[in-house]
Amino acid sequence: MSEAPVPILELTGVSKQFGPFTAVANVDLSIRKGEIFGFLGPNGAGKSTTIRMILDAVRPSAGTILMFGSSNRRTASLHQKIGYLSGDMVIDEDLTGSQYLDFVGSVYKVDRAKMLQYRTRLVQELELDVAIKISKYSRGNKQKVGLVAALMHAPELLILDEPSSGLDPLMQEVFIKLIQEYRAGGGTVFMSSHSLAEVQRLCDRVAFIRAGKLVGVANIDELNQTSVKKVVVTAGDKQLKELAHRASILKGATVGETSGKELTLTYSGTIQPLIQLLSKYELEDLTIREPELEEIFMTYYQTDKSQTDEVTS
Ligand SMILES: Nc1ncnc2c1ncn2[C@@H]1O[C@H](COP(=O)(O)OP(=O)(O)O)[C@@H](O)[C@H]1O
Ligand SMILES: [Mg+2]
């Protein structure tokens with residue numbers, strides 16, 4: 001008899017109220033062993049609040065959170081198994097990077113030599129000078145020391161809140177490499193980000209959160225296949241109205257707002273039908289660009305829905 005493996009991390013109906021304000025609303029998530037899971041959303045979406053609830057630093061107003069199948073996330077043995085990088089790291093500024101890493105490392109009951117070896121490699125890869133006091137570190141260097149602290153004991157689960165913010169492009173590449181290596185060694189990652197590009201390169205699955213609500217969860221492969229475009233046309237009033245109507249019945253097109261002489265739409269699918277439609281009108285201007293990540297998600301789910309509707313109706 002084969003049973004489905006227990007998810008490494010499972011959130012069911014998790015909400016957080018701050019007074020009358022709902023920061024996180026009824027979030028369900030399930031993270032499998034060995035995956036790199038992206039938690040994507042704009043600033044203020046509720047990512048850090050969700051992560052703080054996962055770590056039991058903030059109590060949910062409703063819902064349950066299981067880590068390694070257990071709701072008790074305060075045990076020492078559980079802390080051994082996770083590595084955490086917070087979005088706003090508060091660390092003792094009076095220590096050098098090296099002293100700080102000694103301090104963090106002292107609580108882990110792992111093979112000391114092995115941890116030190118890995119730590120040394122991480123420090124080298126990230127080009128971090130650990131002899132300097134943390135108070136003298138730039139934002140990027142604080143982020144690096146936090147990454148080393150989260151990774152060095154080779155935890156089973158890595159929880160990272162916007163890990164690459166503050167890292168320059170070269171270091172972002174190093175970060176991606178280190179995370180890929182970590183996963184290849186059997187690790188699981190839950191990381192928040194507001195960069196679709198980063199998530200697309202690194203993650204297997206991604207959840208998109210907006211205003212505390214989960215918009216959806218998707219496989220990155222599937223998301224990459226939906227080549228959504230944002231189309232902005234400028235034309236006279238009569239032309240624009242007619243075009244808006246025709247576009248609304250074009251497969252793959254979603255008509256957005258009209259403002260003045262501009263009409264915005266998103267489009268997914270082969271480009272030819274769109275070009276054919278647009279060529280029938282006297283346009284004053286035309287822009288076709290990559291959409292914002294939120295638009296990709298909205299279109300992805302709308303397309304998904306309409307396809308289901310076609311099948312069922
Ligand atoms: N302790 C708090 N008290 C009141 N509001 C909070 C608190 N923490 C976060 N918020 C609010 O909850 C929302 C989500 O915040 P946060 O989880 O930090 O978003 P993100 O990490 O996605 O940028 C924001 O509107 C933020 O102002
Ligand atoms: Mg945050």
Side-chain angles (χ1 to χ4, degrees), residues 9-31 36-67 73-74 82-91 137-147 149-151 157-168 171-172 175-176 179 188-203 205-218 220 223 291-298 300-301:
L9 185 59
E10 193 167 33
L11 281 69
T12 313
V14 171
S15 300
K16 183 64 192 179
Q17 296 282 140
F18 290 113
F21 177 71
T22 305
V24 177
N26 198 25
V27 164
D28 296 325
L29 286 173
S30 181
I31 317 304
I36 305 180
F37 193 98
F39 194 40
L40 192 63
N43 280 338
K47 302 182 298 294
S48 296
T49 304
T50 304
I51 287 177
R52 287 189 196 111
M53 289 192 284
I54 289 170
L55 292 157
D56 209 11
V58 167
R59 272 281 140 82
S61 308
T64 55
I65 300 174
L66 300 180
M67 203 186 265
R73 305 186 300 291
R74 293 212 164 185
I82 60 175
Y84 168 53
L85 174 76
S86 74
D88 43 4
M89 218 178 23
V90 187
I91 48 181
Y137 274 162
S138 64
R139 164 130 176 68
N141 280 334
K142 280 189 185 164
Q143 194 76 358
K144 287 179 190 178
V145 85
L147 276 170
L151 269 164
L157 171 64
L158 205 51
I159 298 173
L160 308 172
D161 195 357
E162 309 228 11
S164 70
S165 66
L167 298 182
D168 62 43
M171 281 303 139
Q172 286 183 16
F175 164 73
I176 286 175
I179 294 302
T188 305
V189 183
F190 181 78
M191 59 176 271
S192 74
S193 177
H194 60 256
S195 156
L196 179 67
E198 172 180 73
V199 157
Q200 272 177 321
R201 283 192 58 195
L202 195 51
C203 298
R205 286 198 303 149
V206 57
F208 186 69
I209 186 170
R210 188 182 52 149
K213 293 195 185 78
L214 216 60
V215 176
V217 182
I220 286 291
L223 212 56
E292 304 294 324
L293 62 96
E294 184 172 338
E295 294 163 348
I296 292 186
F297 257 90
M298 297 314 276
Y300 177 76
Y301 281 94

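Sequence positions, counted from 1, serve as the residue numbers for this chain. In listed order, ligands and their atoms are each counted from 1.
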*asked:* Are L202 and I179 packed together at the side-chain level, in the sense that at least one heavy-atom pair is separated by less than 4.5 angstrom?
replied: yes
_For K16 against P60, the heavy-atom pair lying closest together_ = CD-CA, 4.4 Å
*So, S48 versus D161: side-chain donor-acceptor pair below 3.5 Å or not?*
yes
*What do you reckon, is NZ of K213 surrounded by more than 12 foreign heavy atoms closer than 6.0 Å?*
no
*Side-chain contact test, heavy atoms from C-beta onward, threshold under 4.5 Å: evaluate it for V14 versus T50 and give yes or no.*
no
*Any donor-acceptor N/O pair, R52 side chain to S86 backbone, under 3.5 Å*: no
_Polar side chain donor-acceptor pair, S165 to R139, under 3.5 angstrom_ = yes
*Any idea how F37 and F190 line up, ring-wise: parallel (<30°), tilted (30 to 60°), or perpendicular (>60°)?*
parallel
*Near the Mg ion (ligand 2) (under 2.8 Å) - protein N, O or S atoms*: S48 OG
*Check: S61 side chain, Q17 main-chain N or O, donor-acceptor pair, under 3.5 Å*: yes
Contact table, ligand 1 N/O with protein N/O, distance under 3.5 Å:
{"residue": "ligand 1", "atom": "17 (O)", "partner": "S48", "partner atom": "N", "Å": "3.4"}
{"residue": "ligand 1", "atom": "17 (O)", "partner": "T49", "partner atom": "N", "Å": "2.9"}
{"residue": "ligand 1", "atom": "17 (O)", "partner": "T49", "partner atom": "OG1", "Å": "2.6"}
{"residue": "ligand 1", "atom": "19 (O)", "partner": "G46", "partner atom": "N", "Å": "3.2"}
{"residue": "ligand 1", "atom": "21 (O)", "partner": "S48", "partner atom": "N", "Å": "2.8"}
{"residue": "ligand 1", "atom": "21 (O)", "partner": "S48", "partner atom": "OG", "Å": "2.8"}
{"residue": "ligand 1", "atom": "22 (O)", "partner": "A45", "partner atom": "N", "Å": "3.1"}
{"residue": "ligand 1", "atom": "22 (O)", "partner": "G46", "partner atom": "N", "Å": "3.0"}
{"residue": "ligand 1", "atom": "22 (O)", "partner": "K47", "partner atom": "N", "Å": "2.8"}
{"residue": "ligand 1", "atom": "22 (O)", "partner": "K47", "partner atom": "NZ", "Å": "2.9"}
{"residue": "ligand 1", "atom": "23 (O)", "partner": "G44", "partner atom": "N", "Å": "2.7"}

